[in-house]
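As structure tokens, the structure follows; a few thoughts come after it.
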Amino acid sequence: MNLSFRIEKREQGSALFRTLATTGSIFIALFVAGFLLLSAGVDPAAAYLEILRESLGSSYGLSETLVKATPLIITGLAVSLAFRMQIWNIGAEGQIYMGACGATWVALFSGLDSPLMLPAMFAAAFIAGGLWASVAGLLRARWQVNEVIVTLLMNYIAILLTDYLVYGPWKNPDGFNFPLTAQFADAARFSEYFNTRLHSGFFLALFCALALYLLMERTIWGYQIKAIGSNPGAARYAGMRTGLAIFLVLTLSGAIAGIAGFSEVAGLQHRLQHGISPGYGYTAIIIAWLARRSALGVVIVSLLMGILLVGGDSLQLSWQLPVAFAYAFQGLILFFLLASDFFINFRLRRVKEVTDA
Amino acid sequence: MPRLLQLQHIRKTFPGVVALDDVSFDIATGEIHTLLGENGAGKSTLMNVLTGFYAPDSGSIYQGEQKIRFASPRDSLALGIGMVHQHFMLVPAHSILENILVALQNVPLLFPRRQLRDRIYQTIEEFGLDLNLDTPVWKLSIGAQQWIELIKLLMRDCRLLILDEPTAVLTPQETEKLFTVLSKLKQQGKSIIFISHKMREVMKISDRVTILKKGRSIATLERGAFDQNKLATLMIGNDSIPEWQKSLPFSDELILEIENLSVRNERGLADLDNFNLQLKKGEILGIAGIAGNGQKALAEALTGLIKVDSGRVMAAGTDITRSCARSSYIAGIAHIPEDRKAVGIAPDLSLDENLILKNFRDPRFRHGIFQSRSAIRRNAEEKIDQFAIKAGPKGSPVRLLSGGNIQKVIIARELSEHPTVLVALYPTRGLDIGSAEYVHKVIAEGAGNGMGTILISEDLDELYKISDRIAVIFRGQLIGYADPATASREQIGLMMSGEVPQ
Ligand SMILES: Nc1ncnc2c1ncn2[C@@H]1O[C@H](COP(=O)(O)OP(=O)(O)OP(=O)(O)O)[C@@H](O)[C@H]1O
Ligand SMILES: [Mg+2]
């Protein structure tokens, strides 16, 4: 009798099981990462406590976590909206940049006065991100061009375009030639709270989550998005205009990602500069997936990511661990989270071979 | 007769549903054993337990004296149990040969392609089929796909073949052929489990019949101990069969005129070729024809699923060939055999949401842009009750319902639209007796209220029973009309083979 393992599809995991699997996978990741820490001569338990203390234990740490989570929530929502319709928006990164450019353009050159400034920046970011994504939307809806390729490639264009602006026409004349625009006026900045870097962008993100939840779960538009995502053929038959919907959803997805760019420049950077997003748009894809496309899920997963980012940074400072360690640590956690996702849908069973009698 | 397998007190539940409550039955070698039961009785689930697809919650399976446990479909295949599913599992882009090869075990890495080809062709010929192994599967009719599933099992030398509603996708001619094949297999000592809702077939082919009701096996009868009525009574129990009457003669007002409609398929051949048809108000117009003569294209063109190449569809004088208004004027119901995803449902959405797929914009179901959940729920409860849909727990995706119940969801939705014209493509395929009767009743009642129905069916019995007029289609063209009250089956049969009546 020999033993072997076999992969089987699970019928349906309960909600409890899913939560347990996800939590369990985080612990396994911590366990494995512990060996990494040990090899670097650091006590894992102390390091983990440090991560929690740094990211949650003080008002400063907590605010930093929320600040990091802000762009992740907004872009995560943007990506998950498109995922709901089986549209793969890989271009949130570029849309963040375009949103930031749009907002910056208004902040620097509109000459608007205080109360109108932020709404105008918001609108500009929304439109810029939306227009950017609408190119992919149009190509996909009209000529069936794969949106994955288009959105991905447009990321490079958006990032280089931003670089061109900050190295060229928008460069701060008094900036000693650094690739930065001038600082925004106060009217173009979010308010900050509790003497920390926590800014209104976080509340804007929560508002977006609520709005998207309502859109998806309560409105006839969300209903159509879900129906088209589930079966475009049936949706078309029922009289829904699938092409138009694809175009609009991709555009809206890009517009939301654009808001993240607005929030970053208005809340944090207060200017446009090279590399405003260290890949939030890509992390958002993973977030949307782990959150199973639900708005609340996006918020929770983004907060977890925020803890990881802030805690990982603190490890570098307290133990002089290399940056690579923080990346390895985040990678491990993601790896196990994704693996748990697999085990939620499939099971590995140890079986005794059934002998053919 | 020696027993091949024995199932005892099998129970299988899904979250919120008891699919199998307590089922016991056995299979002898060399018999054709039919499973009979209403939609959602648990037939497919039971077969999935038998093939190791689902693990039962309790109960046991014996092979002789030995208790066996399947950990996966592989184990049951190792025991020689093979199944053709209600919904096929072929790779559409691959050729027939590739699809069959995938199913074969122990094909060496550098497999002797020639030899295998020959063996497959041998099997194909043995059963008098006509298939080219290099054709990609998506080009095949559903009936042909079913044959491939069967050949897959035969190539693996299965001892027990399970066929889950195979005839629901076959033409009467193909069914005949299948039965010949099954008899041959039986003589070779193979056992067959057969599932069907059609009494005539069950009577014809079964050695034994086991009846499932609400997840319980309530009787197993030997050939000779059952007749059509007895089976129906057992299966239906105290559930009532809906009664209906054909409505009075219809008016002469035309509500739909199809003029010179032509539709080409993806191979560039004409599915419909200058097709003409006239439908009157309150009329049930049956479309008779041998499968593959353009029926599917007709239904799809009318419901807007495929593009019309030329010709017009006129609704009471206005051209609706390319107009959006068509979707509210014409409703369609179709049996979706191979691929539920094709048109009928949004599989991941709930039952409630699927029932409003076409009229979600109706003010009843929304306040402005917000959906009214209570109204949507009430609508679902109403439909579940009317059509006796066996629904799962509230909010669960509709793809988890049984085949027949999915079919009922589609019918309930399309008829609730109160369309002017209903296009029904094999509407009762896969439905149990009571549900089929209910569909007829609803169509007849609709006709009484002025709804015109184009009923496409291969079942002449059904056409005779319910149509006011029968139109015959052949190679995408209208051959002519016949009056079911006077025309004989022979006359219609001749027209179906292309002979124009004088
Ligand atoms: N994977 C699943 N998850 C949840 N419920 C299921 C699942 N599979 C089947 N069911 C439920 O179990 C019951 C029995 O379904 P089953 O498919 O066995 O019926 P059936 O007898 O084959 O009916 P039909 O004649 O309509 O094909 C149904 O109520 C169905 O909704
Ligand atoms: Mg079934």
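All figures in this text were calculated on a predicted structure; none of them were measured in a lab. Letters go in sequence order (proteins before strands), and every chain restarts at 1.
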Taking all non-hydrogen atoms of both residues, which atom of B:I345 and which atom of A:N231 are closest, and how far apart? O-ND2, 2.7 Å
Check whether any side-chain heavy atom of B:I356 lies under 4.5 Å from a side-chain heavy atom of A:Y223, and answer yes or no. yes
Would you name the heavy atoms of B:L357 and A:A227 that are closest together and state the gap between them? CD1-CB, 3.9 Å
pair A:M240-B:K358: side-chain heavy atoms closer than 4.5 Å: no
To the nearest 0.5 Å, how far apart are CD1 in A:I220 and CZ in B:R366? 4.5 Å
Considering residues, nucleotides and ligands other than B:R377, do more than 12 of their heavy atoms fall under 6.0 Å from its CZ? yes
Contact class of A:E217 relative to chain B, heavy atoms under 4.5 angstrom: both
Residue A:R218 versus chain B: region with a heavy atom under 4.5 Å: both
Over all atoms of both residues, closest heavy-atom pair of B:A346 and A:A234: N-CB, 4.4 Å
Calculate, to the nearest 0.5 Å, the distance between atoms NZ and CG belonging to A:K226 and B:D348 respectively. 11.0 Å
